[in-house]
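First up is the structure itself, then whatever we jot down about it.
Ligands are counted one by one from 1 in listed order, and the atoms in each one are counted from 1 as well. Basis for what follows: all heavy atoms, side chains included, without hydrogens, waters or symmetry-related copies.
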Amino acid sequence: MAEIVSIVGRRVWDSRARPTVEVDVALADGARGRAIAPAGASMGSGEAADLRDGGSAFGGMDVRKALANVAGPIASTLKGMDAADQAAIDATLGRVDGTKQFAQLGGNAVVATSLAILRASAASAGKPLYAYLAGDAPVRIPVPEIQILGGGAHAGRRVDIQDFLVVCPSASSFVEALDRTAEVYRAAGALLRSNGKLHGVADEGGYWPAFSSNEEALDLLLRAIEAAGYVPGEDVHIALDVAASDFGKNGRYKLGLEGRELDRDGMAEMLVGWLDRYPILSIEDPFGEDDPEGFRAFAKAVGTRVQIVGDDLLVTDGERIRAAARDGLANCALVKPNQIGTVTGTKAAIEAARATGMSSIVSARSGETEDTAIVDLAVGWDAGQFKVGSIARGERTAKWNEMLRVEEALGAAAPYAGWGAFPVKKKGS
Ligand code: 2PG
Ligand code: MG
């Protein structure tokens, strides 16, 4: 037993210049752990709620109240507990809070505490966090989904679709997947610059394009893959995060860029048209969180042609994941610790996905920091896929670079997950 002797919070900054919560934990045996809460911009309504101060300072985003909860009720109830009993710690956080979405303590205070205690436990056991989480279970290095173009809530709604990403299941390693992605990123930048369409860089490091349609982004991505010397659909595939809750309500979708409104059938038709024309392997949140009917009809129509990922729809909630699998809404769960608030809840989400035959993607948020705990969660729990935004900006490369180190450290003990990570039929197989 390693008893928790201190829990200290402090205010640090995220990649959007917003305050966030960092927590330091110390155990009686001298082990320490630290974690920082990330923050989303396109959020599901069922997510754990961050506690923000409101008022005028920092646009109302300050976290003094959340920090007061770390120093007060959180520290006083958790001190003296066994850090290795993560389930008991997370259950205590739930009990002290008393609400479903951590509205009292703040999801930001809770997730940083839960992860900091996890890190301290791994340190106490003398193991890297991924090894502590894996125990004796076999693990793989996850396939990265990496953003090339940003849009939606992360780029002033310049394009409707939030993320245009690339994914390389046919690479032989994580190293090779990043190599291919970096070449595509360079090629995309060069093409945008030469067309005069480069507006800047979006929240997650992808290019912020000045396009007049969503298809223009898909065409650019295809050309960038080719310009980098790769075969689209073989060496490099496309993944999309439509983040449709941001522009859809009650089954109607407003494409601001093109000045059109689509019903759910029209939306499905547009997406199936894209599947026919582009090598798209994965589509996240193709419909709004309030439109399970859209998800169901789309999933039925496309079968195993594409991975359908639930983010806002599932909010890392094991129960929602099981229900979605039962109802045939999606075949992949996005997993973000701060959506459910605790380490235990996050693990339950991955287990629910596995138990129901769904794939899973451990994901960062659009507001991030140098914290790399999600790298260890993705490997240690063998998620199979990993999404962190683009291959530019330090809060993103902190994660990619850490994964490179983990792949090197594990060597042959952890193969690259490759095609096996996807619930789809590989073309030609
Ligand atoms: C998403 C995430 C990360 P946010 O929608 O998947 O890209 O964005 O953190 O803003 O929810
Ligand atoms: Mg998403």
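Y253 and D160 share no side-chain donor-acceptor pair at under 3.5 Å. Side chains of Q147 and D241: a donor-acceptor N/O pair is absent below 3.5 angstrom, by distance only. At a cut-off of 3.5 Å, with distance as the only test, no side-chain donor of E402 or T372 sits close to an acceptor on the other residue. Side-chain contact check for Q86 and S114: at least one donor-acceptor pair (N or O, by modelled atom type) lies under 3.5 Å.
Protein contacts to the Mg ion (ligand 2) involving N, O or S atoms at a distance below 2.8 Å are D241 OD2, E284 OE2, D311 OD2.
For E319, the CD atom counts as loosely surrounded, since its 6.0 Å shell holds 12 or fewer non-hydrogen atoms of other residues, nucleotides or ligands.
Pairs engaging residues 369-383 under the salt bridge (Lys or Arg N to Asp or Glu O under 4.0 Å) rule: R119-D376, R140-D382 [sequence neighbours left out].
Looking at heavy atoms from C-beta onward, V236 lies out of side-chain contact with T181 at the 4.5 angstrom threshold. Side-chain contact between F102 and T342: present, with at least one pair of heavy atoms (C-beta onward) separated by less than 4.5 Å.
Residues satisfying the ring-ring contact (aromatic ring centres under 6.0 Å, His included) test with H237, not counting sequence neighbours, are W419.
The 4.0 Å heavy-atom shell around ligand 1 contains residues G40, A41, S42, H154, Q162, D163, E204, D241, E284, D311, L334, K336, A364, R365, S366, K387, ordered by chain and number.
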